Amino acid sequence: MTPAQPNSTDTDYRLSRHDQNVKAMFGNISRWYDFLNHFLSLGMDFYWRKRLVSEVQTGSNRRILDLAAGTLDVCKKLSENFPDHYIHAADLSAKMLIHGLKKDTRGRIIPVCADAKTLPFAENSFDCITISFGIRNVLPRSLAYSEILRILTPGGKLCILEFGSGRQKIWGGIYNFYLSRVLPCLGKIISRDKSAYSYLASTIRNFPGPEEIKEELREAGFSNTGYKGINSGIVFLHTAHKSDAPPKINQ
Ligand SMILES: C[S@@+](CC[C@H](N)C(=O)[O-])C[C@H]1O[C@@H](n2cnc3c(N)ncnc32)[C@H](O)[C@@H]1O
């Protein structure tokens, strides 16, 4: 990844070097992000996000948070499916959020620039938290998991949509060839960002498989962890709950 610079702001000093780079990179490609998403996934991303939103469960406080919300496609769908809920969107990149706010979101989305590892929300705020293609960028994931547990209501649900590990051969290796060779070239030509789409391919290749993510979530303190593969395991939908039992106190 190229070092951060073009989109750095005076609050960036709080972010790690990795987060500054990720923020700058998404800021640089924000204009092209939606088009490339639909084009490079051959339109499958619409279906993937629909599946994510169909997993959402809410409760009495009617608040849902979409983390790493980007250009707000998930929030838009949430606001259509849950018209009487408050939909919050958090992302590192203001540029991504600003592009999203140009969409017809009916003024129902509450955006905030925030790092998934230090979220500006009170304990027990949300019935459900979604993350679509965001967790792969967060390092270390354990800090995001503990923030999510803190702000979920007891019994609340976390739904993560993420690529599977690109190391597993899919469709006889056609998908893997597409991921390593075709996607970075097309992404570079269209977005004119040399590194963004090689970064995408390499984060997918380095991302753990679904069993490992399930175990990570369990170790972080979630209960009822599970996952479903979609499109032969190109993506996975992970779900986990915050226990509604009061925490045990060691005496
Ligand atoms: C691949 S995009 C996904 C955007 C959107 N969720 C979607 O489905 O299209 C990843 C997003 O994660 C955001 N992001 C990366 N690291 C983050 C972090 N630590 N905290 C919050 N957002 C982060 C990026 O700014 C970017 O908008």
Side-chain angles (χ1 to χ4, degrees), residues 1 4 6-9 11-12 14-41 43-53 55-56 64-78 87-101 103 105 109 111-121 129-148 151 158-163 183 187 191 193 195-204 207 230 235-238:
M1 228 192 298
N7 303 305
S8 296
T9 66
T11 54
D12 277 1
R14 291 175 218 222
L15 299 176
S16 67
R17 173 58 66 182
H18 168 80
D19 288 340
Q20 289 181 29
N21 287 335
V22 166
K23 178 179 168 180
M25 187 191 74
F26 281 103
N28 282 342
I29 62 165
S30 54
R31 210 154 55 98
W32 295 104
Y33 179 80
D34 284 328
F35 168 74
L36 278 166
N37 244 352
H38 309 325
F39 177 67
L40 295 174
S41 72
M44 289 191 287
D45 63 316
F46 290 107
Y47 172 66
W48 296 338
R49 290 195 188 84
K50 192 171 158 194
R51 288 282 302 269
L52 171 71
V53 172
E55 283 291 336
V56 168
I64 308 172
L65 169 66
D66 186 41
L67 256 184
T71 54
L72 304 181
D73 277 356
V74 171
C75 287
K76 192 165 178 278
K77 193 104 199 72
L78 287 169
I87 313 294
H88 294 253
D91 198 286
L92 270 186
S93 166
K95 289 199 172 183
M96 290 287 276
L97 292 172
I98 288 165
H99 273 277
L101 289 168
K103 296 176 188 170
T105 52
I109 293 162
V112 61
C113 278
D115 177 4
K117 303 184 292 300
T118 47
L119 290 165
F121 301 109
I129 298 180
T130 53
I131 316 178
S132 147
F133 304 115
I135 198 72
R136 220 179 49 245
N137 301 287
V138 179
L139 287 178
R141 287 186 291 278
S142 56
L143 291 184
Y145 295 152
S146 54
E147 273 298 76
I148 291 167
I151 63 175
L158 167 66
C159 306
I160 302 177
L161 180 68
E162 191 49 89
F163 289 102
L183 184 141
S191 73
D193 186 303
S195 56
Y197 285 83
S198 342
Y199 168 78
L200 170 70
S202 80
T203 52
I204 296 174
F207 195 66
I230 308 177
V235 301
F236 283 88
L237 190 45
H238 299 268

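Just so it is clear, the model here is predicted, and its values are computed rather than measured. One-based numbering, in listed order, for ligands and for the atoms of each.
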For this session: Check whether more than 12 heavy atoms from other residues, nucleotides or ligands sit under 6.0 Å from atom NZ of Lys103, and answer yes or no.
Result: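 Yes, because the 6.0 Å sphere around NZ of Lys103 holds more than 12 heavy atoms from other groups.
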Exercise. Does Leu119 offer a backbone N or O that forms a donor-acceptor pair with the side chain of Glu147 under 3.5 Å?
Worked result: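 Looks like yes, one N/O pair under 3.5 Å.
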Exercise. Heavy atoms under 4.0 Å from ligand 1: which residues qualify?
Worked result: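 Near ligand 1, by chain and number: Val22, Phe26, Tyr33, Asn37, Arg49, Ala68, Ala69, Gly70, Asp91, Leu92, Ser93, Met96, Ala114, Asp115, Ala116, Lys117, Ser132, Phe133, Asn137, Val138.
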Exercise. Once you round to the nearest 0.5 Å, how far does CZ of Phe133 lie from CD1 of Ile131?
Worked result: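 If we round to the nearest 0.5 Å, Phe133:CZ and Ile131:CD1 are 12.0 Å apart.
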Exercise. Which of these passes side chain to side chain contact (heavy atoms under 4.5 Å, CB included) with Leu78: Ile109, Asp73, Ile64, Leu65?
Worked result: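 Looking at Ile109, Asp73, Ile64, Leu65, the match for Leu78 under the side chain to side chain contact (heavy atoms under 4.5 Å, CB included) is Ile64.
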Problem set entry | Note: Lys117-Asp19 ion pair, threshold 4.0 Å (strictly below) |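 A salt bridge links Lys117 with Asp19.
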Exercise. How are the rings of Phe236 and His238 set relative to one another: parallel (under 30°), tilted (30 to 60°) or perpendicular (over 60°)?
Worked result: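 If you compare the ring of Phe236 with that of His238, the planes turn out tilted.
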